[in-house]
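Throughout, protein chains are lettered first and strands after them, A, B, ... in sequence-line order, and every chain is numbered starting at 1.
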Protein chains: 2
Amino acid sequence: MKKINNINVDLGLEMALTASAYRAAGKKTLIVNGCDNITREQLGILLLLTLEDGLYQTQIANILGKDRPNITRMIDVLETKGYIRREKDESNRRILKVFLTEEGRKKADIAKPLKDRMNAAQYKNMTDEEILTLINLLRKVRKNIEVEYELNNNEV
Amino acid sequence: MKKINNINVDLGLEMALTASAYRAAGKKTLIVNGCDNITREQLGILLLLTLEDGLYQTQIANILGKDRPNITRMIDVLETKGYIRREKDESNRRILKVFLTEEGRKKADIAKPLKDRMNAAQYKNMTDEEILTLINLLRKVRKNIEVEYELNNNEV
DNA sequence: ACCTAACTGTTATCATACTAACAATTGTTA
DNA sequence: TAACAATTGTTAGTATGATAACAGTTAGGT
């Protein structure tokens, strides 16, 4: 494990722990506020659709960084719950566009301020500069990993 | 979504994307180098045991930031693969201590440099100061979240 | 000693992450 | 046009993340 100033720097563990706390807090926030019939990830899809309705599944997967089987399953659930509906695209019959229902829009409107409040909590006592630094460093690490990942790809 | 300098700052999404790249790269590294019969998470247990053998399951769970059911399952798998063995503690019969087998130690020795190489890759072109900053900001966010999480806990 | 609370590992259940493989559709190219 | 490749959504299977509930064990308080 890399050491700096005699401090162990295991980024994987740090990210796992932070992500774990993040998930727990998000779940708790939803439950405490009566949004206990939907998960944080499912809500992410609803919130995305409030920004741009009618995306198709692969677009949703790419934007949210998830894979298509996952999106299929989550959208199945959201459709069963009546929050979204699938609609065939006549110009490309492979595509299923996803739209919010009225119920789905209502749910997103209720949950949006909860997400905002959680974002505010996680950035408490942090300056804008610190937040930007954190985001940029995460992106730098991701870029490094993706480059290395592609290198490995070519090695195979 | 919080905006700084007109840039969207969705830490949850950034962490999810980075963690996803991290997982993919880790998995690929193991497969490319012939360690395809073990997962990154299972390997984490083996590497921990090389630092301190004979930990019991709850200790492993706490150190790695996982829950006990997960550890039970992963250790079941590792035991089936012959990489670890459970041993009852006579002084406290609730406890099962976990030890590396010879096979497990060999596996860990083979995989350790792969993990080190991946750590080096993710920190490429980053100064020690940047790395420390990233770790400290992640910890700060985690602390914020945990405080907020406990607050919610009390509100219930 | 007895009762209760806490701890440890386990099982069951559900949601997510990921891969492989597939059918249907569309795009490309010889 | 015919053959092949790529795209889209789906299904199946495995591993992980997380919670609830349980039996066995230990610790604490009366």
Dump the pairs, protein N or O against N or O of nucleotides 15-18 of chain D, anything under 3.5 Å, distances to one decimal.
unit_1, atom_1, unit_2, atom_2, d
D:dT16, OP1, B:Thr39, OG1, 2.7
D:dT16, OP1, B:Gln42, NE2, 3.4
D:dG17, OP1, B:Lys66, NZ, 3.3
D:dG17, OP2, B:Lys66, NZ, 3.3
D:dG17, O3', A:Arg23, NE, 3.4
D:dG17, O3', A:Arg23, NH2, 2.9
D:dG17, N7, B:Arg73, NH2, 3.1
D:dG17, O6, B:Arg73, NH1, 3.4
D:dA18, OP1, A:Ser20, OG, 3.2
D:dA18, OP1, A:Arg23, NE, 3.1
D:dA18, OP1, A:Arg23, NH2, 3.1
D:dA18, N7, B:Asp67, OD1, 3.4

Only pairs under 3.5 Å count here: list side-chain donor-acceptor contacts from residues 33-40 of chain A, not counting sequence neighbours, and write none if there are none.
unit_1, atom_1, unit_2, atom_2, d
A:Asn33, ND2, A:Thr29, O, 2.6
A:Asn37, OD1, A:Lys107, NZ, 2.8
A:Asn37, ND2, A:Tyr83, OH, 2.8
A:Thr39, OG1, A:Gln42, N, 3.1

Starting at [atom1] of [X] and ending at [atom2] of [N], how long is that distance when rounded to a whole Å?
| X | N | atom1 | atom2 | answer |
| --- | --- | --- | --- | --- |
| B:Glu90 | D:dT26 | CD | C1' | 15 Å |
| B:Leu13 | C:dT16 | CG | P | 16 Å |
| A:Ile71 | D:dT8 | CD1 | P | 14 Å |
| B:Leu30 | C:dC18 | CG | C1' | 15 Å |
| A:Ile75 | C:dT16 | CD1 | C1' | 15 Å |
| B:Met15 | C:dT16 | CE | C1' | 16 Å |
| B:Arg93 | D:dA23 | CZ | C1' | 14 Å |
| A:Ile31 | D:dA20 | CD1 | C1' | 12 Å |

Following the transitive rule for hydrophobic clusters with a side-chain heavy-atom cut-off under 4.5 Å over Ile, Leu, Val, Met, Phe, Trp and Tyr, establish whether A:Ile145 and B:Met126 coincide in one cluster.
yes
Shared ILVMFWY cluster between A:Leu64 and A:Ile95, side chains joined below 4.5 angstrom?
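Unlinked, A:Leu64 and A:Ile95 end up in two clusters.
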Can you name the residues that form a salt bridge (Lys or Arg N to Asp or Glu O under 4.0 Å) with A:Asp67, not counting sequence neighbours?
none
By salt bridge (Lys or Arg N to Asp or Glu O under 4.0 Å) - contacts of B:Lys81 (at least two apart):
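Expected list: none.
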To the nearest 0.5 angstrom, please state how far the CE atom of A:Met74 sits from the CD1 atom of A:Ile84.
11.5 Å
B:Thr72 vs C:dG9: side-chain N/O to OP1/OP2 distance below 4.0 Å:
no
Neighbour count above 12 (heavy atom, 6.0 Å) for A:Lys97 NZ
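Counting other residues, nucleotides and ligands, NZ of A:Lys97 stays at 12 neighbours or fewer.
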So does B:Lys143 have more than 12 non-hydrogen atoms from other groups sitting under 6.0 Å from NZ?
no
Salt-bridge present (B:Glu41, B:Lys66; N to O < 4.0 Å)
no
With side chains defined as the heavy atoms from C-beta onward, is the minimum distance between A:Asp10 and B:Lys115 less than 4.5 Å?
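Yes - at least one pair of side-chain heavy atoms lies under 4.5 Å apart.
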If only atom types and distance count, is the side chain of B:Thr18 paired as donor or acceptor with the main-chain N or O of B:Met15 below 3.5 Å?
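Between the backbone of B:Met15 and the side chain of B:Thr18 there is no qualifying donor-acceptor contact (under 3.5 Å).
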Under a 4.0 Å heavy-atom criterion, the protein footprint on nucleotides 1-8 of chain C, written with B, S and -, is -----BBB
Take the C1' atoms of the five end pairs on each side of the helix from C:dA1-D:dT30 to C:dA30-D:dT1, derive the two axes, and give their angle rounded to 10 degrees.
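It comes to 20° between the two terminal axes.
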